[in-house]
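Only one structure is covered here, and it is reproduced in the block below.
Just so we're on the same page: letters track the sequence lines, and every chain starts at 1.
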Protein chains: 2
Amino acid sequence: MELSERKKAILQAIIEDYIQTAEPVGSRNIAKNHDLGLSAATIRNEMADLEEMGYLDKPHTSAGRIPSEMGYRFYVDSLMHRYSLTMEEISSLQSSMDRKYSQLENVVSEISDIISKATNYPAIVELPTAQKSRLRSVKMMLIEEGSVLIVVVTDAGVVRNRQMKVSADIDYEIIDSISEFLSGQLTGLSADDFTPARLMLIYEAMSQYGDFLKTVVEFVLECLGNTQSRVYIGGASNILNNPEFENIERAREFFSFIDRKENVSNMLNLLETAEENISIKIGSENNAPEMRDTSLVVASYNVGGKLHGKIGIIGPKRMNYARVISSLELINANLTEILGRMIYGKDDTDGN
Amino acid sequence: MELSERKKAILQAIIEDYIQTAEPVGSRNIAKNHDLGLSAATIRNEMADLEEMGYLDKPHTSAGRIPSEMGYRFYVDSLMHRYSLTMEEISSLQSSMDRKYSQLENVVSEISDIISKATNYPAIVELPTAQKSRLRSVKMMLIEEGSVLIVVVTDAGVVRNRQMKVSADIDYEIIDSISEFLSGQLTGLSADDFTPARLMLIYEAMSQYGDFLKTVVEFVLECLGNTQSRVYIGGASNILNNPEFENIERAREFFSFIDRKENVSNMLNLLETAEENISIKIGSENNAPEMRDTSLVVASYNVGGKLHGKIGIIGPKRMNYARVISSLELINANLTEILGRMIYGKDDTDGN
DNA sequence: GTTAGCACTCAGGGAGAATGAGTGCTAACA
DNA sequence: TGTTAGCACTCATTCTCCCTGAGTGCTAAC
């Protein structure tokens with residue numbers, strides 16, 4: 001059933017008041033503060049309808065109304081206006097990101113700080129991951145006698161390395177030849193291409209170094225399959241600024257939940273990755289009982305078509321969605337650019 | 001002034017009761033529950049003395065006594081007994097750490113989980129850092145046309161890499177020769193050795209690649225100077241299990257403090273690094289107003305004499321110090337071993 | 001369909017009393 | 001001289017009771 005324009009206006013007024021005050025809103029206040037040209041009594045009638053239809057809840061008989069999850073959902077989908085960041089907000093955000101980053105880990109943790117400062121909510125930043133990447137390059141080098149460093153680069157730009165012990169009689173030349181051999185055999189493959197048959201061939205061709213080769217191949221596979229997401233959470237304490245978390249039990253529940261990073265990753269993984277778009281999950285839409293009173297707002301980023309990840313915030317269901325969305329969009333754009341520069345070099349080309 | 005044995009026994013009884021109950025302890029309870037052979041009245045007198053001497057505080061006239069910081073300090077230094085972990089505790093801790101770790105970041109975050117589970121307090125794990133490390137090896141390799149990967153290894157075992165754009169006409173051979181040249185010039189140097197004169201020589205010898213060399217040298221310097229500590233904090237929500245944090249303001253203060261990781265690093269840096277030993281800082285000894293009600297217990301680890309870091313917990317001043325210490329010692333020993341294996345290869349040799 | 005009016009509900013807050021755990025002091029005891 | 005019993009006193013905590021005020025639902029009139 002369609003909502004009348006008047007019902008929409010009233011619902012919007014209630015939700016926006018509630019977002020601001022965190023107090024149940026009553027008919028009188030709506031009549032006074034919003035120029036709807038209606039009396040409190042009329043609004044009361046409409047509110048009763050909205051409640052019956054499921055858009056509003058009542059904490060108890062003599063309190064005002066608060067939005068239900070369905071109410072928020074309708075608001076977010078149909079009523080909310082875009083929020084435009086002020087010039088100051090934009091320039092302060094941009095200047096806070098305009099610096100040199102050296103390590104991925106640092107970018108991620110700093111971005112999470114920036115998000116949480118900009119929104120006043122706990123921020124989530126997912127490290128970029130690649131799906132089905134191919135091996136671009138594997139190299140080995142002797143660091144000192146008996147110790148070899150393996151460096152693996154995937155076509156998504158992921159670089160990882162590991163140090164391994166080898167027997168002392170393996171010298172530079174041997175390493176170079178193994179390195180060249182493996183590189184020839186494996187470059188361009190994805191994890192799926194590592195069939196037992198192919199591996200057998202490799203091991204046999206250099207059977208005297210079988211054990212060593214095996215460890216190297218395992219490591220390469222690990223790098224290619226490195227699809228597990230890792231998340232950073234910053235500014236978690238911000239959640240305590242919201243009156244819904246003054247109850248220590250609620251706070252404990254929230255912090256225990258986000259302490260376990262895999263909870264957060266799982267939640268992110270459940271989001272449909274609408275390209276370049278914002279996902280909003282309200283309360284129980286997150287499928288986690290601990291999140292029943294909080295919403296998740298997430299933006300997806302995508303670097304050079306290969307690497308992607310998500311950034312977002314967790315806040316009370318009663319949150320200024322419009323403002324959060326604008327901030328996330330801006331930060332997301334900057335982040336994409338920063339990562340592009342970091343991973344694919346000094347400029348912004350797509351990195352193939 | 002020396003405390004009489006009787007005063008010590010009473011002080012110890014009070015502190016241990018308080019650690020258990022978090023309630024101010026009264027004379028009557030001490031008389032009843034501890035077999036000191038004294039009446040409540042006598043204990044009251046002694047308590048009055050202990051208070052006057054500064055070992056005890058009184059929240060208000062008609063409550064029992066609670067230990068002062070000085071009281072805790074005395075307890076930790078002189079009264080506390082060692083706690084022996086039970087066989088089950090030991091074997092469960094050890095089995096939780098007995099698995100393969102691949103990346104340093106993973107070790108650190110998992111160890112922080114283990115610590116917080118074992119102690120029920122928020123855990124801190126510092127990533128290993130090296131002081132004044134020397135360059136063991138720098139290598140470059142062409143990943144694809146126009147893109148070079150630089151890999152730097154220090155004698156502390158730190159490996160870092162960065163991808164850089166170069167002009168397209170730089171080919172394998174040129175890279176190899178630059179790589180070899182730089183390696184020859186820089187291997188064995190520490191950050192202090194990068195004098196302007198030496199750098200000038202290098203840039204002049206290969207002046208046609210000046211800009212590129214400069215970026216590489218900067219990166220190497222960054223790796224050698226990589227002495228900033230990074231910390232992980234796990235199980236922060238555990239702090240909320242303690243009644244002293246039922247007050248939401250306290251909780252907020254605590255979480256805001258540890259949200260800023262540099263606060264925690266700073267605190268760790270202020271500890272004297274007593275080799276292989278445990279440091280305890282009680283309340284305001286931490287020089288941070290936000291920590292005035294919490295204590296820090298920290299163990300230092302040390303891998304191969306080069307790399308070191310710290311692990312520890314933050315808990316209320318009223319904490320089971322003895323138990324925490326034993327757990328940290330055990331975890332610390334295991335961590336040292338794990339890191340040794342990871343960084344210096346498959347066995348535990350010292351790694352020079 | 002809208003609105004004014006009225007009876008009713010109920011959370012929140014404050015005042016006041018009861019409770020009980022604890023203290024300090026004094027006087028008696030060993 | 002050190003120890004203890006006893007007693008008056010203190011004070012945070014809890015409870016009860018009552019009031020207030022914001023809000024609702026319903027009805028009757030416009």
- [ ] Give a yes or no on this: more than 12 heavy atoms of other residues, nucleotides or ligands lie within 6.0 Å of atom CD of B/Gln20.
- [x] no
Open item on the list: Could you check whether any side-chain heavy atom of A/Leu11 comes within less than 4.5 Å of a side-chain heavy atom of A/Leu56, counting everything from C-beta outward?
Closed with: yes
Open item on the list: Regarding B/Arg260 and B/Glu290, does a basic nitrogen lie under 4.0 Å from an acidic carboxylate oxygen?
Closed with: no
- [ ] Sort out for me which residue in B/Tyr75, B/Phe74, B/Tyr72 forms a ring-ring contact (aromatic ring centres under 6.0 Å, His included) with B/Tyr55.
- [x] B/Phe74
Open item on the list: Within the structure provided, determine whether A/Arg323 and A/Thr119 are in side-chain contact (heavy-atom separation under 4.5 Å).
Closed with: no
- [ ] Rounded off to whole Å, could you give me the CG-to-P distance for the A/Leu36 and C/dG1 pair?
- [x] 19 Å
Open item on the list: Pairing check on D/dA22: which nucleotide meets the Watson-Crick or G-U wobble criteria with it, both distances under 3.5 Å?
Closed with: C/dT9
TODO: Please assess B/Arg250 against B/Glu244 for the test salt bridge (Lys or Arg N to Asp or Glu O under 4.0 Å), listing each intermediate value before the final yes or no.
DONE: CA-CA 8 Å; B/Arg250 268 253 144 299; B/Glu244 29 277 90; over 6 Å; no
- [ ] Look at all strands and tell whether B/Arg65 reaches a base, only sugar-phosphate, or nothing, counting heavy atoms closer than 4.0 Å.
- [x] sugar-phosphate
Open item on the list: Suppose we define a pair by two distances each less than 3.5 Å, Watson-Crick or G-U wobble; what does D/dC17 pair with here?
Closed with: C/dG14
- [ ] Let me know, please, whether B/Asn45 or B/Gly64 comes out on the 5' side of the other along DNA chain C by nearest nucleotide.
- [x] B/Gly64
TODO: Using a heavy-atom cut-off of under 4.0 Å over every strand shown, decide if A/Thr42 touches base, sugar-phosphate, or nothing.
DONE: base
- [ ] Using a cut-off of strictly less than 4.0 Å between a heavy atom of the residue and any atom of DNA chain D, enumerate the qualifying residues of residues 8-25 of chain B by number.
- [x] none
Task: Nearest-nucleotide 5' precedence on DNA chain D, B/Thr61 against B/Arg6 - done: B/Arg6
Open item on the list: Between A/Ser109 and A/Ser112, is there a side-chain donor-acceptor contact under 3.5 Å, judged purely by atom types and distance?
Closed with: no
Open item on the list: Under 4.0 Å, counting only non-hydrogen atoms across every strand here, what does A/Ala63 touch: a base, just sugar-phosphate, or nothing?
Closed with: sugar-phosphate
Task: Pair partner, D/dT27 [Watson-Crick or wobble, under 3.5 Å] - done: C/dA4
Task: Bounds of contact between DNA chain D and chain B, in 5' to 3' order, using a heavy-atom cut-off under 4.0 Å - done: D/dT3 to D/dA12
TODO: Rounded off to whole Å, could you give me the CZ-to-C1' distance for the B/Arg44 and C/dA27 pair?
DONE: 14 Å
Task: Enclosure of A/Asp35 CG (heavy-atom neighbours >12, cutoff 6.0 Å) - done: no
- [ ] Just do the salt bridge (Lys or Arg N to Asp or Glu O under 4.0 Å) check on A/Arg292 and A/Glu253 with the steps written out, would you?
- [x] CA-CA 11 Å; A/Arg292 96 192 81 92; A/Glu253 194 178 29; 2.8 Å; yes
